[in-house]
Amino acid sequence: MARSELGAYLTARRAHVTPAQVNLPSTGHRRVPGLRREEVALLAGVSADYYVRLEQGRERTPSAQVLDALAAALRLDEDGRLHLFRLAGLGPHARTSAPAVADRVEPSLLALMEAWPHNPAIVYNRVYDVLASNTIADALFHGWAHSRNLMHAVFTDPAARTFYRDWYDVARNTVAGFRLGYGAAPDDRRLRQLLTELLYHSPEFADMWARHDVRGKALERKRFEHREVGPLTLTMQTFDVRSAPGQELVVYHAEPNSPSSDALTLLGSLAATSRREL
């Protein structure tokens with residue numbers, strides 16, 4: 001499977017690089033979007049036949065030097081290069097039988113999250129199951145009424161396209177992050193189950209999955225439309241949980257003295273009042 005995935009990844013990525021981006025002339029009728037196979041081979045310094053064998057899965061032992069050259073030719077960022085090496089089974093991050101991600105979140109981390117009354121915070125695993133959330137995060141995500149899985153929340157909740165004001169961008173970034181986790185542990189049963197569900201139930205997910213975008217989470221801005229407090233623009237920071245590999249902590253915050261900050265304060269007050277009434 002890894003070899004066919006490697007070929008599919010190479011094919012998908014060259015489709016997203018234009019000749020102009022790599023200073024190649026674009027002449028004549030082009031039957032494929034992006035680069036031709038022979039153009040990638042030229043840029044990477046390998047024979048066209050060798051590159052064709054890589055895409056078709058007939059070449060099984062690309063060297064690290066070849067992979068580095070392909071990563072440069074295809075203009076892969078660091079996450080894309082990491083994914084390429086994983087698919088080829090090379091490097092310190094080569095794919096192995098990755099251990100399952102722990103479902104238990106450290107009590108000290110839970111206590112820290114609850115100490116942030118104005119900062120929604122969640123912990124999720126590589127399958128995007130939300131393992132823990134603080135009170136204001138529960139309020140931000142409407143009590144997780146649809147699902148505590150973020151992939152389900154984005155792709156199978158009809159309200160998602162209203163809640164996420166930039167739904168398409170959020171969806172693409174989520175799929176790219178999910179593929180990075182999938183590349184690390186393709187044999188994870190829960191990952192494969194979720195992938196099958198989403199491919200079946202969401203044509204949008206299937207289209208985005210076919211792009212083979214790969215991207216880890218970084219500093220992002222997200223715009224929400226919350227049904228109780230209105231529009232929110234929040235910056236999110238993502239951290240690896242060192243004590244539980246595979247878990248990630250996401251913390252949201254608003255620009256101080258902004259309308260989003262006021263809305264977040266109101267949301268925190270509503271959440272605290274609701275909790276006291278329970």
Enquirer: Could Glu204 and Arg161 be called an ion pair, given the rule that one side-chain N must be under 4.0 Å from one carboxylate O?
Expert: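 Yes, this pair counts.
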
Enquirer: Holding to salt bridge (charged side-chain N to carboxylate O under 4.0 Å, His left out), I want the full list of residues that pass it with Glu78, two or more places apart in sequence or in another chain.
Expert: Arg81

Enquirer: Applying side-chain contact (heavy atoms from CB on, under 4.5 Å) to Asp240 and Glu248, what does each step give before you reach the verdict?
Expert: CA-CA 5 Å; Asp240 290 329; Glu248 291 192 330; 3.3 Å; yes

Enquirer: Only counting residues at least two apart or in another chain, list the ones meeting side chain to side chain contact (heavy atoms under 4.5 Å, CB included) with Ser108.
Expert: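 Scan of Ser108 (side chain to side chain contact (heavy atoms under 4.5 Å, CB included), adjacent residues dropped) gives Glu106.
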
Enquirer: For Leu35, does its backbone N or O pair with a side-chain atom of Arg14 as donor and acceptor, under 3.5 Å?
Expert: yes

Enquirer: Would a distance-only check, ignoring hydrogens and angles, find a side-chain to backbone donor-acceptor pair under 3.5 Å from Ser202 to Leu198?
Expert: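 Judged by distance alone, no pair lies under 3.5 Å.
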
Enquirer: Using side-chain hydrogen bond (donor to acceptor under 3.5 Å, both in side chains), reason through Tyr182 and Arg126 one step at a time and then give a plain yes or no.
Expert: CA-CA 8 Å; Tyr182 180 80; Arg126 67 167 69 101; over 6 Å; no

Enquirer: Check for a donor-acceptor pair, side chain of Glu228 on one end and backbone N or O of Gly230 on the other, with a separation under 3.5 Å.
Expert: no

Enquirer: Quiz question: by atom type and distance under 3.5 Å, do the side chains of Arg227 and Thr162 form a donor-acceptor pair?
Expert: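 No.
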
Enquirer: Ignoring hydrogens and geometry, is there a side-chain-to-backbone donor-acceptor pair from Glu255 to Ser260 under 3.5 Å?
Expert: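 Pair absent, no side-chain N/O of Glu255 close to backbone of Ser260.
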
Enquirer: Between Leu74 and His16, is the side-chain contact (heavy atoms from CB on, under 4.5 Å) condition met? List the steps.
Expert: CA-CA 8 Å; Leu74 296 172; His16 294 290; over 6 Å; no

Enquirer: Taking a hydrophobic cluster as the set of Ile, Leu, Val, Met, Phe, Trp and Tyr residues connected by side-chain heavy atoms closer than 4.5 Å, whether directly or through intermediates, do Leu131 and Leu140 fall within one such cluster?
Expert: no

Enquirer: Taking the inter-plane angle between the rings of His212 and Tyr9 on a 0 to 90° scale, is it parallel (under 30°), tilted (30 to 60°) or perpendicular (over 60°)?
Expert: tilted

Enquirer: Mind checking what makes side chain to side chain donor-acceptor pair (under 3.5 Å) contact with Arg211, not counting sequence neighbours?
Expert: Asp213

Enquirer: Can you classify the ring geometry of Phe178 versus Tyr128 as parallel (below 30°), tilted (30 to 60°) or perpendicular (above 60°)?
Expert: perpendicular

Enquirer: On a heavy-atom basis, which atom in Met113 and which in Ala121 lie closest, and how many Å separate them?
Expert: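 In this case the closest contact between Met113 and Ala121 is CE-O, 3.3 Å.
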
Enquirer: So, does Asn119 use its side chain to make a donor-acceptor pair with the main chain of Tyr252 at under 3.5 Å?
Expert: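 Such a contact is found between Asn119 side chain and Tyr252 backbone.
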
Enquirer: By salt bridge (charged side-chain N to carboxylate O under 4.0 Å, His left out), which residues pair with Glu225, not counting sequence neighbours?
Expert: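 If we apply the salt bridge (charged side-chain N to carboxylate O under 4.0 Å, His left out) test to Glu225, skipping adjacent residues, there are no hits.
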
Enquirer: Do the side chains of Pro62 and Leu54 get nearer than 4.5 Å, heavy atoms only?
Expert: yes

Enquirer: If we only count heavy atoms from C-beta on, is the Pro120 to Leu264 side-chain gap below 4.5 Å?
Expert: yes

Enquirer: When hydrophobic residues are tied together by side-chain contacts of less than 4.5 Å, even through go-betweens, does Val170 share a cluster with Ile122?
Expert: yes

Enquirer: Any link between Val123 and Leu191 through a network of hydrophobic side chains (Ile, Leu, Val, Met, Phe, Trp, Tyr) touching at under 4.5 Å?
Expert: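 Val123 and Leu191: separate clusters.
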
Enquirer: Are the side chains of Thr233 and Arg165 in touch, meaning some heavy atoms are under 4.5 Å apart?
Expert: yes

Enquirer: With sequence neighbours left out, write down each residue that passes side chain to side chain donor-acceptor pair (under 3.5 Å) with Gln21, or none if nothing qualifies.
Expert: Thr18

Enquirer: Holding to salt bridge (charged side-chain N to carboxylate O under 4.0 Å, His left out), I want the full list of residues that pass it with Glu39, two or more places apart in sequence or in another chain.
Expert: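 By the salt bridge (charged side-chain N to carboxylate O under 4.0 Å, His left out) rule, Glu39 matches Arg30, Arg36.
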
Enquirer: I'd like to check the ring pair (Phe, Tyr, Trp, His ring centres under 6.0 Å) partners of Phe155; sequence neighbours left out, ordered by chain and number.
Expert: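 In terms of ring pair (Phe, Tyr, Trp, His ring centres under 6.0 Å), with neighbours along the sequence ignored, Phe155 is linked to Trp167, Phe205.
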
Enquirer: Distance alone, cut at 3.5 Å: any donor-acceptor contact between the side chains of Gln237 and His253?
Expert: no

Enquirer: If the condition is ring pair (Phe, Tyr, Trp, His ring centres under 6.0 Å), which residues does Trp116 pass it with, not counting sequence neighbours?
Expert: none

Enquirer: Sequence neighbours left out, what passes salt bridge (charged side-chain N to carboxylate O under 4.0 Å, His left out) with Asp79? Give chain and number order.
Expert: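 With neighbours one apart ignored, the set is empty.
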
Enquirer: Provide the full list of ring-ring contact (aromatic ring centres under 6.0 Å, His included) pairs with a residue in residues 225-251, sequence neighbours left out, each pair given once.
Expert: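 The answer is His142-His226.
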
Enquirer: Under the side chain to side chain contact (heavy atoms under 4.5 Å, CB included) test, which residues partner Asp166, sequence neighbours left out?
Expert: Asp169, Arg223

Enquirer: Carefully, step by step, assess Leu150 and Trp144 under the rule side-chain contact (heavy atoms from CB on, under 4.5 Å).
Expert: CA-CA 9 Å; Leu150 293 173; Trp144 310 100; 3.8 Å; yes

Enquirer: Determine all donor-acceptor pairs shorter than 3.5 Å in which one atom belongs to a side chain in residues 45-52; sequence neighbours excluded.
Expert:
{"unit_1": "Ser47", "atom_1": "OG", "unit_2": "Tyr50", "atom_2": "N", "d": "3.0"}
{"unit_1": "Asp49", "atom_1": "OD2", "unit_2": "Arg53", "atom_2": "NH1", "d": "2.3"}
{"unit_1": "Tyr51", "atom_1": "OH", "unit_2": "Glu55", "atom_2": "OE2", "d": "2.6"}

Enquirer: Any side-chain to backbone donor/acceptor pair from Asp188 onto Arg190? Under 3.5 Å, distance only.
Expert: yes

Enquirer: Within the 4.5 Å heavy-atom criterion, are Leu76 and Leu82 side-chain neighbours or not?
Expert: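 No - every pair of side-chain heavy atoms lies 4.5 Å or more apart.
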
